[in-house]
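Note that ligands are numbered from 1 as they come in the structure, with each ligand's atoms numbered from 1 the same way.
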Amino acid sequence: MFENLSSRLQKIMRDLKGEGRVSKAHLNASLRQIRIALLEADVHFGVVKSFISGIREKALGQEVMRSLTPGQQVVKIVNEELTRLLGSETAELTKGVRRPTVIVLVGLQGSGKTTTTGKLARWLQAKGRRPLMVSTDVRRPAAIRQLSVVGSAIGIEVEDPPARDPVRRARTARKRAANMAFDPLIVDTAGRLHVDDELMTELQEIVAGVGAHEILLVADAMTGQDAVRSARSFGDRLDLSGVVLTKMDGDARGGAALSIRTVTGKPIKFIGTGEDYGAFETFHPERMAGRILGQGDVLRLIEKAQAAVTPQDSREMLQKIQRDEFTLDDFRAQVRQLRKLGPLEQVLGMLPQGGLFKGMGKVQVQEKQLDAMEAIINSMTPLERANPRIIKGSRRRRIARGSGRRVSDVNRLLKQYLQTRTMMKRMKRGFLGRSMDRINFPV
Ligand SMILES: Nc1nc2c(ncn2[C@@H]2O[C@H](COP(=O)(O)OP(=O)(O)OP(=O)(O)O)[C@@H](O)[C@H]2O)c(=O)[nH]1
Ligand SMILES: [Mg+2]
């Protein structure tokens with residue numbers, strides 16, 4: 001995410017931290033570099049200006065420069081200011097007093113409203129809710145069907161009333177939700193290439209007619225300042241309660257994410273990180289700042305791992321690590337789990353750079369390699385998987401033949417297995433015993 005911005009900021013921070021003393025000239029030079037990096041990431045110029053002056057003021061004001069670790073203090077300030085820019089607190093969804101809570105998604109054409117309707121419904125269902133979805137997009141003939149396809153893909157009910165009027169469709173769905181105990185109701189709306197009066201009037205009527213509790217603007221992060229401008233125009237006509245930034249997995253430079261809160265005053269509540277319905281996350285400003293500054297988002301990784309792994313699995317794995325009984329069978333199970341976490345590049349991007357995970361962000365693990373790893377382990381006998389030590393020359397040749405790989409591939413796999421084992425032992429010593437919120441990774 002925001003690779004270019006992220007690597008530039010990380011370099012600036014590294015330089016600062018490396019300095020025993022930070023001169024005023026060095027601070028100014030660093031701030032200048034930060035300013036350029038932000039502007040090139042398409043962050044709104046006014047936002048950049050106040051961001052930089054905020055950092056300068058704090059860095060000069062708190063006796064920071066005369067402290068023992070001025071570089072680190074400045075890095076901390078940058079982190080805090082970045083978090084503030086992104087919204088400080090995690091913004092929750094509003095809950096209606098009477099059921100169902102009604103959530104209306106609005107946004108420009110192609111920003112991801114229909115996909116996000118499905119993602120949000122799935123996310124809420126996983127939290128134990130019973131969502132119902134309805135499309136009010138009567139303009140495009142295929143739009144209503146598109147939402148039904150989404151509904152059957154994720155197994156969530158879609159209301160499709162016969163009415164062709166957007167407001168009536170939304171109201172009918174609301175009645176059905178109230179009668180059948182669905183909650184919340186998520187309303188998908190039509191998009192336009194540009195904000196126009198007709199659309200705004202239609203959206204205002206839907207919002208008022210259905211009694212929306214939450215109006216979320218869906219904006220495409222890849223469109224940078226255009227997304228911010230459209231957010232402003234939507235905000236002029238509708239009482240937006242928050243923003244969903246989609247396509248954060250693409251080559252979005254960061255401009256939208258870093259500007260939208262300040263410019264519109266609306267919090268980012270969720271982000272979309274892929275076309276898959278599971279590629280959807282609550283937006284946590286602090287964690288996002290950490291990701292951008294290369295401190296990783298270990299909490300998100302743990303969340304993803306918890307969703308993919310049953311508590312029993314992880315308990316067993318922990319016991320195995322503790323007893324040092326991590327076998328090749330377990331290694332294979334891990335390889336399989338790794339896939340469930342999503343594209344590897346994203347997974348590795350969440351790890352903090354440096355420290356314990358030094359170099360791991362750069363490891364280019366490809367999905368094909370995972371296939372090869374599984375094939376090789378599958379060619380081993382149960383005895384070999386349980387006792388990797390017995391896998392010597394002739395066994396290695398047989399396993400290579402059986403899996404259609406080279407002996408060097410088998411050697412590499414065994415080496416990876418041993419490295420994983422060593423790393424797990426290190427992790428066990430390092431932090432597994434501590435409570436999660438006290439994990440402090442070296443930056
Ligand atoms: N990579 C990526 N693609 C996304 C994301 N969200 C949506 N898309 C894609 O964006 C395209 C448009 O998504 P839709 O959900 O149809 O957009 P919409 O806002 O409903 O479009 P209209 O109904 O035409 O206004 C689709 O190809 C989606 O798969 C995301 O977070 N990441
Ligand atoms: Mg749509």
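The 12-atom threshold is not exceeded at CZ of Arg406, counting heavy atoms of other residues, nucleotides or ligands nearer than 6.0 Å.
Considering both main-chain and side-chain atoms, Asp188 never comes within under 3.5 Å of ligand 1 through any nitrogen or oxygen pair. Among the atoms of Thr116, none of the N or O lies under 3.5 angstrom from an N or O of ligand 1. Residue Ser111 has at least one nitrogen or oxygen atom sitting less than 3.5 Å from a nitrogen or oxygen atom of ligand 1, judged on distance alone.
Heavy atoms of Thr273 found under 4.0 angstrom from ligand 1 belong exclusively to the backbone. Residue-level proximity to ligand 1 for Arg139 is absent, since no heavy atom of it falls below 4.0 angstrom. Neither the backbone nor the side chain of Met248 comes within 4.0 Å of ligand 1, counting heavy atoms alone.
Here the closest non-hydrogen pair linking Val43 and Gly254 is CG2-O, 4.5 Å.
Of the candidates Lys247, Lys113, Glu275, Lys119, the one placing a heavy atom closest to atom 18 (P) of ligand 1 is Lys113. When Gln109, Arg140, Met222, Gln146 are checked for heavy-atom proximity to atom 23 (O) of ligand 1, Arg140 turns out nearest.
For the residue pair Asp236 / Ser233, no side-chain donor-acceptor distance below 3.5 Å is found, with atom types taken as modelled. Side-chain contact check for Ser259 and Gln225: at least one donor-acceptor pair (N or O, by modelled atom type) lies under 3.5 Å.
When distances to the Mg ion (ligand 2) are checked against a cut-off of 2.8 Å, Gln146 contributes no N, O or S atom below that limit.
Salt-bridge check for Asp276 with Lys119: failed, with every basic side-chain N at 4.0 Å or more from each acidic carboxylate O. A salt bridge does not link Glu92 with Lys127: none of the charged nitrogens is closer than 4.0 Å to a carboxylate oxygen.
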